[in-house]
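Everything numeric here is computed off the predicted structure, so don't read it as measured data.
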Amino acid sequence: MKKIPVYIVTGYLGAGKSSLINSWMYNRPEERLFIIENEIGKVNIDEQMVAGKDVDLIGLTAGCICCSLNDELLDVLEEVSARRDSFDRLVIETTGIADPSSIAAHFIENESVAQVFELMAVLTLVDAENIDFWLKDVKDSSRQISFADMVLINKIDLVSVEKLQEINLTIGKINPTAEIYAAVQGDFDVSSFIEQKAFSAELFSERLGAVSYTHL
């Protein structure tokens, strides 16, 4: 049986994760998505965008999906598996403080999960205008970039060309193997990446080792 394709969308607060997913639904109306959203305390996916669309949405709001909600995530994945005929792709939107490596590990290390789901990509969004603040004050923002298969620099209309070049260099130093894209207000054509499998267990292990080394 064909595995369920999974996409992890991460990025710090205000980077534009929900805007990207709303854009995804708007630009690919024929596609059926199952969305697990983990923004603490609220559900940010545009309800009007979901209305009338073939979308399943589960909001996990009790805590961060990468730590306290691990068991709940597994329960939800079991429910998702049971409903696999009703959608085409699974999208997991994390909190702004989530470490995507612990979420991705479920799809590698848990045999029962790996038999049903195939992690296609970890996509990290960064806010072009505020990236310096987040990288300086929040270590998880750096880890989100470190484990990304693709980095989407969002809100590029708010920075100069020179600043955008600087951001590209910064991201390249943190994660030299990630593909880098750019967008305005999360409006991005996901067709450029969703059909290919960008995630690899081998590359994930290399990134994990590199991040662990830099934090010694």
With no hydrogens and no angle check, is any side-chain donor or acceptor of [X] less than 3.5 Å from a backbone partner on [Y]?
| X | Y | value |
| --- | --- | --- |
| Tyr7 | Leu90 | no |
| Lys197 | Leu119 | yes |
| Arg207 | Glu202 | no |
| Asp149 | Val122 | yes |
| Glu78 | Val113 | no |
| Tyr12 | Gln144 | no |
| Asn22 | Ser18 | yes |
| Ser23 | Ser19 | no |
| Asn154 | Gln185 | yes |
| Lys17 | Gly11 | yes |

For residues [X] and [Y], determine if any side-chain heavy atom of one lies less than 4.5 Å from a side-chain heavy atom of the other.
| X | Y | result |
| --- | --- | --- |
| Met150 | Tyr181 | yes |
| Ile153 | Ile156 | yes |
| Glu93 | Ile36 | no |
| Thr94 | Val9 | no |
| Lys163 | Asp132 | yes |
| Leu77 | Phe117 | yes |
| Phe199 | Phe147 | no |
| Phe87 | Glu31 | no |

Minimal non-hydrogen separation, [X] against [Y], with atom names:
| X | Y | answer |
| --- | --- | --- |
| Ala183 | Asp187 | CB-O, 3.8 Å |
| Asn110 | Ser112 | OD1-OG, 2.6 Å |
| Ala178 | Ala148 | CB-O, 3.5 Å |

Worksheet item: Do Asn175 and Thr177 have a side chain donor and acceptor closer than 3.5 Å?
Response: yes

Discussion item. Hydrogens and angles aside, do Ser86 and Arg32 bring a side-chain donor and acceptor to less than 3.5 Å of each other?
Written reply: no

Discussion item. Quick test of your reading of the model: are Glu195 and Arg89 salt-bridged, counting only N-O distances below 4.0 Å?
Written reply: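 Yes, charged N to carboxylate O under 4.0 Å.
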
Fill in: Phe133 reachable from Ile167 in the ILVMFWY side-chain graph, under 4.5 Å edges
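Ile167 and Phe133: one cluster.
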
Worksheet entry | Path from Val184 to Ile131 over hydrophobic side-chain contacts below 4.5 Å | yes

Worksheet item: Atom CD1 of Ile21 and atom CG of Leu125: how far apart are they, to the nearest 0.5 Å?
Response: 9.0 Å

Worksheet item: Given the rule in the side chain to side chain contact (heavy atoms under 4.5 Å, CB included) test, do Leu74 and His106 qualify, once you have shown the distances and angles that lead to the verdict?
Response: CA-CA 9 Å; Leu74 293 176; His106 280 300; 3.8 Å; yes

